[in-house]
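Written below as structure tokens is the structure these notes are about.
So you know, we letter chains A, B, ... as the sequences are listed, proteins then strands, and number each from 1.
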Amino acid sequence: MSTMALAATIFLTVSCKNGNKEEAAAPMSNEMHQESMDDKDDMVMSDNEDAKAAAILNDYFNLKDALVNDDNGKAKELGNTMAQSLKAFDASNYSDNEKSELNDIIEDATEHAEHISESDIKHQREHFKVLSKDITDMVAITGTATKLYEQYCPMYDGGTAWLSKEENVLNPYYGSSMLRCGKVQREIN
Amino acid sequence: MKFLKIIAWVALIALIVIQFFPVDKNESYTTLETDFMMVNKVPLDIENQLKVSCYDCHSNNTAYPWYSKIQPAAWFLENHIKEGKAELNFNEWSNYSDRRKRSKLRSIIKQVESGEMPMNSYIIIHQNAKLDTMAKSKLVKYIQRLKDDL
């Protein structure tokens with residue numbers, strides 16, 4: 001009898017651990033952040049639109065820097081931050097075509113940012129590749145106030161691009177193991 | 001020792017009590033028009049493979065094993081299925097934008113190639129869900145073609 005009960009105890013302990021894990025994996029509440037983003041709605045709409053796209057870009061560059069530095073933990077945090085900025089994006093000021101394109105981009109990018117917030121660095125980089133494509137497509141519609149450089153590394157996953165604010169190449173897909181791999185393939189104004 | 005005995009009894013009682021907690025079952029018997037198999041021309045062997053290896057957690061219908069009736073296994077499964085469907089639901093395929101389809105297909109290829117999917121905990125029980133080298137390359141080839149055509 002006591003062995004059976006002991007088995008039950010172990011069984012329960014294991015399931016509890018699982019429960020905790022699920023909880024930890026659940027996305028964090030973003031109410032606070034949402035509120036502060038809503039405050040910005042009081043501003044002039046067109047400025048607001050640019051500001052939101054700029055906020056996404058800013059998060060993207062911070063995330064890129066974390067990957068350049070091989071910093072898995074920081075990239076997790078920033079993935080989460082970027083997911084919040086993406087969710088706060090509002091495409092309503094754009095034309096119907098642009099709107100649907102932007103919504104598709106944001107939806108896809110949010111998913112990748114969320115994955116980055118809970119993955120190891122190898123997976124973070126895989127998701128960062130598609131995220132970079134999404135953000136490049138977003139910028140093609142929203143435009144950018146600062147000059148951007150599209151950089152390209154022929155070695156990572158059959159050739160992969162990313163965006164940077166600096167002309168100087170620092171590779172987010174390899175980090176310290178091949179920091180300088182890549183070249184500028186396009187300038188975006 | 002007495003203390004341990006009390007703990008064991010409490011655990012046993014808890015185990016019995018949780019058997020009465022209900023679980024939302026993932027079951028549906030209609031095939032949606034948005035289903036992956038309806039919108040793509042899927043060869044029969046690939047269709048079978050996907051249904052056996054993926055659909056239990058990535059569609060609206062799970063073929064439940066016997067232990068799904070026992071807690072806490074039922075909760076464990078419920079969570080996996082919920083997460084699996086949030087990630088990818090083959091029944092909802094045509095509702096995804098092309099951009100997301102490409103993302104999903106890309107993830108399928110990566111995870112099948114690396115052996116992350118189907119999950120080991122799933123394969124232990126469902127031996128036929130396991131993808132051998134041959135099945136893997138066949139599936140990846142098909143998914144890759146689908147992705148290139150998008």
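- Under the 4.5 Å side-chain criterion, counting only non-hydrogen atoms from C-beta, A:Asp104 is not in contact with B:Arg100.
- By the criterion of side-chain heavy atoms lying less than 4.5 angstrom apart, applied directly or through intervening Ile, Leu, Val, Met, Phe, Trp or Tyr residues, A:Phe89 is grouped together with A:Phe61 in one hydrophobic cluster.
- In the displayed structure, B:Glu33 atom CD is contacted under 6.0 Å by at most 12 heavy atoms of other residues, nucleotides or ligands.
- Placement of B:Leu44 and B:Val140 in two distinct hydrophobic clusters is found when ILVMFWY residues are connected by side-chain heavy-atom separations under 4.5 Å, directly or transitively.
- Atom NZ of A:Lys74 has 12 or fewer heavy atoms from other residues, nucleotides or ligands within 6.0 Å.
- The local environment of NZ in A:Lys99 is crowded, with over 12 non-hydrogen atoms from other residues, nucleotides or ligands closer than 6.0 Å.
- Within a 6.0 Å sphere centred on NZ of B:Lys130, heavy atoms belonging to other residues, nucleotides or ligands number 12 at most.
- Cluster annotation: B:Ile143 is connected to B:Val112 through the hydrophobic network of ILVMFWY side chains, with a link wherever side-chain heavy atoms come within less than 4.5 Å.
- For B:Lys104 and A:Glu111, the salt-bridge test passes: some basic side-chain N is under 4.0 Å from an acidic carboxylate O.
- Hydrophobic clustering, with ILVMFWY side chains joined whenever heavy atoms are under 4.5 angstrom apart, keeps B:Val42 apart from B:Leu32.
- Between atom NZ of residue B:Lys110 and atom NE2 of residue A:His123 there is a gap of 9.0 Å, rounded to the nearest 0.5 Å.
- Note that the OG atom of B:Ser107 and the CD atom of A:Glu126 stand 8.0 Å from one another [nearest 0.5 Å].
- Looking at B:Gln111, neither its backbone nor its side chain comes within 4.5 Å of chain A, counting heavy atoms on both sides.
- Using modelled atom types, no side-chain atom of B:Arg99 and backbone atom of A:Glu107 make a donor-acceptor pair closer than 3.5 Å.
- B:Lys25 NZ: more than 12 foreign heavy atoms inside a 6.0 Å radius.
- Heavy atoms of B:Arg102 lying under 4.5 Å from chain A are absent altogether.
- Few gaps surround NZ on A:Lys183; more than 12 heavy atoms of other groups in view lie less than 6.0 Å from it.
- Taking 4.5 Å as the heavy-atom cut-off, the residues of residues 135-170 of chain A that approach chain B are A:Asp137, A:Asp157, ordered by number.
- Of the atoms belonging to A:Lys129, it is side-chain heavy atoms, and not backbone ones, that fall under 4.5 Å from chain B.
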